[in-house]
Amino acid sequence: MTHRIALAGLHMECASFLPHVTHRDVFEACTVRGHAVLDRFRGSNTVMGGFLSVIDAAGAEAIPILHADGGAAGLADQAAVAEYRAEIVEGLLALDGGIDGVLLHLHGAMVTQDEFDPDAMTLDVIRSAVGPDLPIMVAFDYHANLDAASIDAATAAFGYRYSPHIDMGATGERAARCLLRTLAGEIRPAMALARPGLILPSIFSATDLAPLKDLVAEAARQSGDSVDYRDMSLFAGFAYADVPNCGASVVAVVDGTKATAEALAAELSGKMAQARAALSSAAPVYGLAEGIERALALADRSSRPVVVLEHADRANDSTHGLRMLLGAAERARIAVPFLWDPGAVRTAMQAGVGGEVTLALGGHSAPLAGGPVTVRAKVAAVRSDFTYRGTGAMRAGSEVRLGDSVLLDVKGLMISVTSLSQSAIDFDPFHQFDLDPADFDIILLRSKTHFRAAWEGYAAGIVIVDTPDYGPADISALPYRHARP
Ligand SMILES: [Zn+2]
């Protein structure tokens with residue numbers, strides 16, 4: 001018998017303290033429906049790509065409904081989220097019972113104007129649509145904020161093991177395999193969640209930092225589906241969503257009893273709680289001026305570039321680091337990949353390659369982003385309506401959409417400016433503009449953890465700087481009202 005599996009996704013990571021709401025038009029730019037879901041994701045390192053590889057290999061039938069993605073920004077618009085939910089439910093109801101299971105991709109850290117846990121609500125309405133018995137397996141981001149109610153309507157839940165998220169496809173595969181084995185009658189999943197009571201700033205959620213590395217390895221080691229089926233997911237949570245269930249969690253899925261799952265989740269969660277102090281100070285963080293001096297000094301005695309990490313930027317347009325590095329343009333060869341500023345791109349494109357423009361660059365998204373920096377720039381390259389397929393470990397095969405984009409030369413400091421907000425995490429942002437990262441001394445990135453897959457083994461050093469922005473390492477500086485740091 002060929003199993004028929006419905007696929008849907010509704011994905012966004014929301015930082016509550018950013019002032020702008022993400023509306024439907026932003027989601028729509030990265031939303032696909034029906035057959036286009038297959039074309040977008042098949043063969044890519046994404047959750048949907050993972051779902052599809054298992055379904056295809058098993059000879060099951062994938063019935064894609066919708067994959068909507070708002071990226072990572074401020075709150076998701078309630079009306080937009082409600083419309084996408086309704087679209088998924090209508091798609092499921094239109095199948096009129098002709099499906100055997102549902103595979104769902106959620107982030108787990110979405111927040112709207114009205115809902116603290118819209119992902120839970122999405123699961124709830126899907127459960128109501130398909131009835132109490134149909135298996136629903138859900139794959140979440142490792143940065144999901146979950147409590148027991150978040151996953152109550154799911155049959156089983158899974159999270160990425162690693163940040164950088166190099167295993168998004170593998171996570172989709174874990175969820176899909178669990179579904180197919182359940183449908184085959186080989187296993188009967190039971191699930192439980194435990195919370196260590198820990199809120200980790202994103203910068204410390206990198207899974208190659210000790211002791212998180214050991215805890216993540218333990219979750220992976222405990223998992224397996226050869227003899228006794230068992231799957232452990234450790235979630236770091238997302239510190240910048242001000243919601244009651246903000247924080248880390250552990251989910252255990254077993255072929256057995258709920259009590260077994262509860263004991264496993266509680267044990268690993270307890271180890272996280274014990275490691276609280278070390279987890280919350282896993283890497284040194286410097287003030288901006290001190291960090292940049294440190295990076296320049298390191299670059300002076302290195303043959304490879306040094307990464308300066310302006311990690312508190314949540315919109316890819318903060319100018320705290322850029323402003324200070326402009327003052328160092330004569331001391332070092334500096335690159336600033338993927339600064340988000342559609343207005344500056346328009347002005348530069350009008351001037352064309354070789355043209356000179358004066359720009360109020362970056363810092364437009366929000367008050368804490370540092371404000372625009374006035375620069376005189378030469379337009380070094382133009383890319384119209386630009387989309388490429390990623391080649392890095394995390395984005396392999398995935399579409400990266402930049403919109404109209406330009407490369408600017410400001411006194412030798414090279415800045416690629418994009419119309420759509422994208423974070424630079426690997427070497428693609430250089431290669432796509434015919435640059436070689438080896439030609440630079442200092443690289444300013446805004447990533448939290450994902451850059452490590454490409455840069456950790458390559459850069460001469462990584463210098464983390466804290467700036468007065470929306471995602472700081474010191475979360476006690478944030479005006480939480482609902483989370484319990
Ligand atoms: Zn994440």
Side-chain angles (χ1 to χ4, degrees), residues 9-16 18 22 30 44-50 67-74 76 104-111 117-119 138-146 150-151 157-172 174-175 198-209 212-213 215-216 219-220 233-241 243 245-251 279 282 309 311-316 390 392-396 398 400 421-426 445-454 456 470-471 473 475:
L10 179 49
H11 184 270
M12 185 171 179
E13 180 183 84
C14 298
S16 302
L18 284 171
T22 298
C30 293
S44 65
N45 178 30
T46 57
V47 167
M48 278 288 164
H67 192 275
D69 195 344
L104 193 60
H105 176 209
L106 303 172
H107 184 287
M110 188 190 274
V111 189
D117 195 349
D119 296 304
V138 55
F140 287 105
D141 192 283
Y142 160 83
H143 294 104
N145 289 318
L146 303 176
S150 307
I151 56 170
F158 305 83
Y160 314 154
R161 297 201 188 290
Y162 305 107
S163 199
H165 300 330
I166 52 174
D167 63 330
M168 295 183 291
T171 306
R174 282 156 56 206
L198 176 70
I199 295 181
L200 268 187
S202 297
I203 191 71
F204 298 140
S205 69
T207 50
D208 53 2
L209 297 176
L212 195 49
K213 184 177 186 161
L215 293 160
V216 166
S233 297
L234 182 155
F235 295 92
F238 183 58
Y240 310 111
V243 294
N245 68 359
C246 180
S249 60
V250 174
V251 169
L279 288 167
L309 206 60
H311 74 98
D313 179 0
R314 302 286 336 169
N316 297 308
M394 177 168 152
R395 287 191 175 146
S398 296
V400 181
S421 176
Q422 285 284 3
S423 57
I425 60 170
D426 46 33
L445 299 180
R446 299 148 197 288
S447 173
K448 292 63 178 144
T449 68
H450 301 326
F451 74 103
R452 287 181 185 271
E456 187 149 49
Y470 293 90
I475 57 173

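Just follow the structure's listing: the first ligand is 1, and inside any ligand the first atom is 1. The shown structure was predicted, so the numbers you read here are calculated from the model rather than taken from an experiment.
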Qualifying residues under side chain to side chain contact (heavy atoms under 4.5 Å, CB included), relative to Ala72, sequence neighbours excluded: Glu13
Verify the ring-centre separation between Phe238 and Tyr240: is it less than 6.0 angstrom? yes
The Zn ion (ligand 1) to nearest N/O/S of His107 less than 2.8 Å: no
Is Asp141 close enough to the Zn ion (ligand 1) to have an N, O or S atom under 2.8 Å? yes
Is the backbone N or O of Met394 less than 3.5 Å from a side-chain atom of Asn45, with the two atoms forming a donor-acceptor pair by type? yes
Do any N/O/S atoms of His165 come under 2.8 Å of the Zn ion (ligand 1)? yes
Check: His143 ring centroid to His107 ring centroid under 6.0 Å: no
Could you check which N/O/S atom of His143 is closest to the Zn ion (ligand 1)? ND1
